[in-house]
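Numbers restart at 1 for each chain; the letters A, B, ... are given by sequence-line order, proteins then strands. Scope of the values below: all heavy atoms of this structure, side chains included, with no hydrogens, waters or symmetry mates.
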Amino acid sequence: MARTMAVNYGSQTMAEEIKPPVLLSSSAQKTGGETSAAKAASGKAATAKNPEGPVPIPWAAPLVEKYRSQYGSGLEAQTYLGQNYVTVDSSLIPNFLRQLRDDEQFDYCVDITAVHYPKREKQFEVIWILYSFARNERLRVKVHIADGASLPSSVSIWSSTNWLEREVFDMFGIQFVGHPNMTRILLPEGWKGHPLRKDYGILQQDQEWVQINLGIESGQ
Amino acid sequence: MPDFVTSYLGSTLTPGEAGNQFWALVYVFVIFAGVSLAVMSMNWLERKALAHFQIRLGPMRTGPHGLLQPIADAIKLLLKEDIIPAGADRFVFWVAPLIGLLAAFTVYTVIPFGPSQAVSDMNIGILFMLGVSSLGVLGVVVAGWASNSNYPLIGALRSSAQMVSYEVAMGLAVVSAILMTSLNETGTGTLSMIGIVRAQQEQGVWFIFKFFPLGLIAFIVFAIAMVAETNRAPFDMAEAESELTAGYHTEYSGLRWSLFMLAEYAAMISVSSIAVTLWLGGWMRPFSRLLRGSAWDLIFSLFPAVTFMGLAAVAFVGVVRMPRRSDFKVQKIGLAVFGWLLGFIALMLLIIAIAGRSNGAAIPSTVNQSIGYIYWFLLKVAVFMYLFIWYRATWPRYRFDQLMRVGWKVLLPISLTVLVATAIVGILLS
Amino acid sequence: MTLSDENAANIVAGTTQDHVSGNDSPKTYLDSNELIINMGPQHPATHGVLRVILKLDGERVLGTECVIGYLHRGVEKIAENRTYAMFNPYVDRMDYVAAVSNGLGYCEAVEKLLNVEAPARAKYIRVILAELNRIASHQLWLGTHALDIGAMTPLFYTFRDREEILKIFEKYCGARLTTHAFRIGGCLYETYAGFEKEVKNFVKFVTPKIDEYEALLTGNRIWMERTKNVGVISGPDCIALGVTGPVLRASGVQWDVRKAQPYAAYSEFEFEIPVGTTGDTYDRYLVRMSEMRQSLRIIEQAVNGLPEGPIMAKVPKVIKPPVGEIYHSIESPKGELGYFIVSDGTTQPYRLRVRPPSFVNLQALDVMVRGLLVADVVAVIGTIDIVLGEVDR
Amino acid sequence: MNSAINATNATMAPVATPYFFYGLATLAIVSAFLVITRRNVVHSALALIVTLLSVAGLYLMLYAPFVAGVQIIVYAGGVMVLFLFVIMLVNIDRSYKEKRFSGLWPIGLAAASALFTLFLFAFIKGRALFPDRMMLLPESSNTQQIAGLLYGDAGKMGQYTFAFEIASLLLLVAILAAVVMTKKRA
């Protein structure tokens with residue numbers, strides 16, 4: 001742990017312009033240009049138009065109506081493949097979640113996670129996956145926030161979110177304000193960077209670590 | 001034959017009593033070697049028995065059916081690197097296993113394997129045993145402290161509290177047995193181990209059946225307390241491996257660790273001996289009152305020979321059942337030799353039993369009798385040793401507070417009640 | 001040793017003050033009775049590389065802090081660099097004692113994203129294997145849990161019987177532990193000749209064995225003393241902490257994904273959801289024991305009603321789900337195992353999130369062990385039934 | 001029983017008695033000295049155990065095996081274990097830092113030498129009181145003698161029955177007090 005601390009990756013990976021996640025394929029090229037079927041397919045996918053599939057449609061439900069009348073444009077409800085989700089403005093966050101728990105019986109926070117879209121203006125999409133025992137219904141709440149922005153913690157609403165928020169912080173670097181112990185959970189304390197960001201360079205890290213700690217060229 | 005050899009063979013006193021220093025020394029050596037051997041075979045037996053409880057085979061590779069495993073283990077432990085942790089108190093760390101071992105072995109000076117088969121018949125035998133075996137806890141405590149590590153410390157604290165607590169219930173159960181020795185014409189009891197067995201002989205009943213069920217209850221209390229006293233499952237708090245990795249001997253390795261094991265098993269045998277002496281008639285053969293006469297004596301004196309024959313038969317069955325492959329040849333020969341050895345011992349025992357069948361004072365007769373005493377004593381102890389293994393295979397471990405609760409709130413009141421009841425019944429009946 | 005480690009105490013206090021013992025005033029750290037013990041990551045009873053820092057008053061637990069991540073392999077990051085089919089074997093490595101369940105959840109999630117459905121026969125095979133896996137997982141749990149509490153023998157009994165399940169797996173797909181039994185769209189392998197018979201035989205074989213485990217433990221006084229009223233957690237607490245699976249059910253909440261939101265072919269079978277009343281370690285033990293019996297019931301029904309037909313749905317060779325996202329969860333032996341997959345229309349998931357039941361359940365450890373003794377910590381870690389491969393991913 | 005005792009007395013008495021006595025006495029003194037000089041409390045405790053055990057050995061040599069046994073059980077096995085128990089729970093490092101033999105040591109030395117002088121004086125003056133040879137040993141065993149003193153023989157009240165009972169009552173009170181005190185703290 002202490003050894004990795006010595007390595008400073010932050011400067012180039014954080015500040016650099018977003019690169020596509022081509023870590024695997026680049027390694028494949030290095031080792032002799034061996035292109036797998038997957039690689040070829042991946043390349044094609046970029047040019048070919050997306051396959052047709054279902055698209056999210058607006059979701060109309062009493063719950064949605066109720067909160068839309070309260071929050072107005074800050075709330076957008078959609079359903080995709082029968083799964084409902086609500087995209088809300090980040091300013092609504094603690095209150096809306098609390099209302100969902102208290103008034104709508106979403107008493108079980110299944111998961112919190114995030115997705116990184118480096119090309120968007122608000123890079124991160126944070127998602128709460130909720131479940132209501134009484135309704136036997138799942139609901140996802142989404143929030144878009146910019147890099148460096150923080151969100152209020154929901155530990156006081158669902159205690160299950162304690163470690164989940166820590167994991168989101170660990171993997172994406174999103175701070176949750178009011179969390180009792182906002183530290184890394186899966187990665188060691190001295191780790192640099194947040195691995196699930198799309199701009200996180202695994203290979204660079206590996207090469208650097210090997211050079212600094214083992215004093216040889218990385219075989220990767 | 002020199003006089004001092006033959007004089008003892010016909011004597012009815014222990015060498016210590018008779019002031020026979022040569023025989024006292026012989027006994028000390030025999031006991032030391034015998035206990036070490038018993039611990040080694042106990043090691044093998046425990047592994048094998050436990051394995052069969054748990055649908056495994058246990059050691060199978062080192063010698064036929066793993067018979068040489070204890071020897072291999074002993075060699076391994078002797079050759080292992082002896083690690084003393086950096087933060088340890090070196091002197092205390094060094095001395096701790098010795099304290100435990102010393103306590104465990106000193107106890108054997110008063111264990112009566114027969115009316116004259118002991119190092120010494122001490123006036124205060126049982127008191128001495130309890131006292132010296134209570135010193136064993138010092139070794140545990142000091143070992144845990146000297147390791148300078150948290151798990152051993154907790155293990156040591158646990159076991160010291162545990163051993164001190166269970167000594168109380170144990171002592172009271174013992175007192176109720178001692179009380180029973182005073183039920184004679186003179187009204188004086190005895191603390192001597194041999195005297196206690198003699199008292200059972202005179203009263204014609206093992207104390208476990210005396211004042212039924214008082215003797216039985218006292219015995220059960222003792223039997224539970226002795227498991228706790230030796231830190232064995234289900235009371236193996238001190239070395240609860242799933243909680244404290246190995247308890248007080250976590251930091252010990254190699255020879256020192258093996259000394260702890262030696263002390264533990266020696267203590268198991270010695271507390272079993274106390275139980276046998278106090279409640280199960282010591283060296284007396286079963287039904288010594290009911291089935292009397294020289295014919296019965298002869299039949300019972302054949303038991304040791306029969307036992308060894310049985311063991312030899314088991315070994316030969318093992319030889320026959322071994323696969324007929326060339327790579328099993330050595331094992332087969334080894335087991336056969338072992339079987340022949342057992343058979344030879346059986347034969348010798350048979351000869352002695354036949355030769356010594358007359359109840360005279362001749363040496364073969366005395367030897368025959370001595371073998372009978374030792375045999376029955378060891379057989380009873382062996383039952384306890386098997387029970388120790390059985391407990392370990394069957395029961396989960398008590399939690400520490402539950403263990404203390406059982407000791408103080410269950411066993412102690414029971415043993416006190418039994419003690420008072422024994423006294424009352426004894427007065428009423430005398 | 002005890003007190004002299006003020007440095008260590010302060011270090012732990014610093015990291016744990018708010019988290020471990022929010023209700024203790026800081027000055028109690030200097031109290032003479034406190035002992036900080038580090039359990040793991042190399043400890044026989046932490047089931048892998050879990051490290052628990054215990055703050056003790058004598059032997060009483062004042063607070064705990066779990067340090068995890070020793071087995072972190074970045075599964076979610078790997079997923080972003082693999083195609084959907086290539087990632088399939090990776091999920092087996094999370095909860096490696098219930099690999100079939102992991103694979104089932106993943107395949108179903110991707111199928112949902114692709115909007116295809118596995119054929120009936122494939123679904124039945126999946127149910128049979130997943131339930132066998134549930135039994136295997138519970139057996140492994142039982143053996144190790146009993147071992148933690150000091151009963152050595154059940155471990156060997158359960159491993160003997162688990163072996164039969166692994167043999168069936170091996171015959172079916174060639175692997176025993178990390179099976180990779182299913183493919184997106186159904187199953188790759190048809191059942192082998194005699195599969196039905198072997199599974200039926202297994203059901204017959206294992207039913208008395210479960211009684212055997214119970215004979216060893218259920219009525220055992222020491223077992224009851226060690227487990228009753230130990231690690232009690234109430235139903236509402238479980239829900240608030242997101243605890244699922246047998247732990248939730250033992251607290252009296254009758255909730256099982258198989259019933260609540262049936263997947264695979266579970267809606268076609270008859271089975272009950274065993275629930276407990278007090279939510280203690282003993283109840284969790286009983287719940288898991290009857291869950292094994294219910295699993296046998298399901299297996300029997302599934303084998304008897306195994307339909308004929310194809311085992312693979314029409315899935316394109318190159319799996320390229322449309323843009324969109326899906327959350328799908330199943331009832332793994334440990335609890336609700338969820339997959340949240342975001343597709344950007346390429347062959348690789350844009351983001352794949354695993355909702356690991358062990359990880360979330362482990363959070364309840366602190367609530368459950370406070371005020372108990374060190375020996376109970378071991379029992380409670382065992383009863384939560386965590387697999388570190390899944391906690392750390 | 002009595003015959004056995006007599007046999008013991010007859011045969012065991014002359015075996016190397018003075019050597020054992022001097023050996024045990026030296027051991028007791030040296031270890032007692034170690035008790036007060038060792039910096040490490042656990043070492044002191046261990047030395048104290050050695051002292052107690054050698055004193056028990058001396059009792060044995062005086063044909064008082066019961067006293068020796070009780071000495072081992074109560075002091076070496078019971079009290080010292082509790083001592084060690086307590087010592088392990090407190091901070092040992094602190095005892096290293098603290099100054100030992102604080103201010104009072106001249107008084108202590110004076111008291112000790114006064115006691116020693118007293119013993120010496122008593123030994124020289126009272127030489128006539130101590131017979132040169134071994135006292136004639138009583139018929140019954142040491143255990144029975146103690147029982148006689150405490151509880152009396154054959155229906156008679158023992159010499160020390162009252163004192164003994166008072167002492168046990170005091171101990172009971174002490175135990176209760178200890179329980180009450182610890183309860184209050186918790």
Enquirer: My understanding is that only residues two or more places apart in sequence, or in another chain, count here; which of them pass ring-ring contact (aromatic ring centres under 6.0 Å, His included) with Phe164(D)?
Expert: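 With neighbours one apart ignored, the set is Tyr151(D).
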Enquirer: Counting heavy-atom pairs under 4.5 Å with chain D, which one of Leu138(B), Leu130(B), Val92(B) comes out on top?
Expert: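 If we count pairs closer than 4.5 Å to chain D, Leu138(B) comes out on top.
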Enquirer: With chain B, which of Pro65(D), Ala56(D), Gly69(D) has the greatest number of heavy-atom pairs at distances under 4.5 Å?
Expert: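 Result: the option with the highest number of such pairs is Pro65(D).
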Enquirer: So Phe66(D) and Leu191(B), do their side chains get closer than 4.5 Å, heavy atoms only?
Expert: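 They are in side-chain contact.
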Enquirer: Under the side chain to side chain contact (heavy atoms under 4.5 Å, CB included) rule, collect the residues that match up with Ile84(B), sequence neighbours excluded.
Expert: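 With sequence neighbours excluded, Ile84(B) shows a side chain to side chain contact (heavy atoms under 4.5 Å, CB included) to Ala88(B), Arg90(B), Phe93(B), Arg256(B), given in chain and number order.
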Enquirer: Are Arg198(B) and Ile194(B) close enough that some pair of their side-chain heavy atoms sits under 4.5 Å apart?
Expert: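 Side chain of Arg198(B) against side chain of Ile194(B), heavy atoms only: contact under 4.5 Å found.
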Enquirer: Side chain, backbone, both or neither: which part of Val74(D) has an atom under 4.5 Å from a heavy atom of chain B?
Expert: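 Neither the backbone nor the side chain of Val74(D) comes within 4.5 Å of chain B.
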Enquirer: Under 4.5 Å from any heavy atom of chain D, what part of Ala103(B) do you find: side chain, backbone, both or neither?
Expert: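 For Ala103(B), no heavy atom lies under 4.5 Å from chain D.
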Enquirer: Can you pull out every side chain to side chain donor-acceptor pair (under 3.5 Å) where at least one residue sits in residues 51-61 of chain D? Sequence neighbours excluded, please.
Expert: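 Side chain to side chain donor-acceptor pair (under 3.5 Å) check on residues 51-61 of chain D returns Ser31(D)-Thr51(D).
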Enquirer: Does a side-chain heavy-atom distance below 4.5 Å link Leu259(B) with Tyr252(B)?
Expert: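 Counting from C-beta outward, Leu259(B) and Tyr252(B) never come under 4.5 Å.
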Enquirer: Strictly less than 4.5 Å between heavy atoms, which residues of residues 164-173 of chain B line up against chain D? Please order them by number.
Expert: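 The stretch touches chain D at Val164(B).
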Enquirer: Hey, does Asn231(B) have a side-chain heavy atom less than 4.5 Å from the side chain of Met163(B)?
Expert: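 A side-chain contact under 4.5 Å exists here.
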Enquirer: Does any part of the side chain of Ile274(B), heavy atoms only, come nearer than 4.5 Å to the side chain of Phe222(B), both counted from C-beta?
Expert: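 Yes, side chains in contact.
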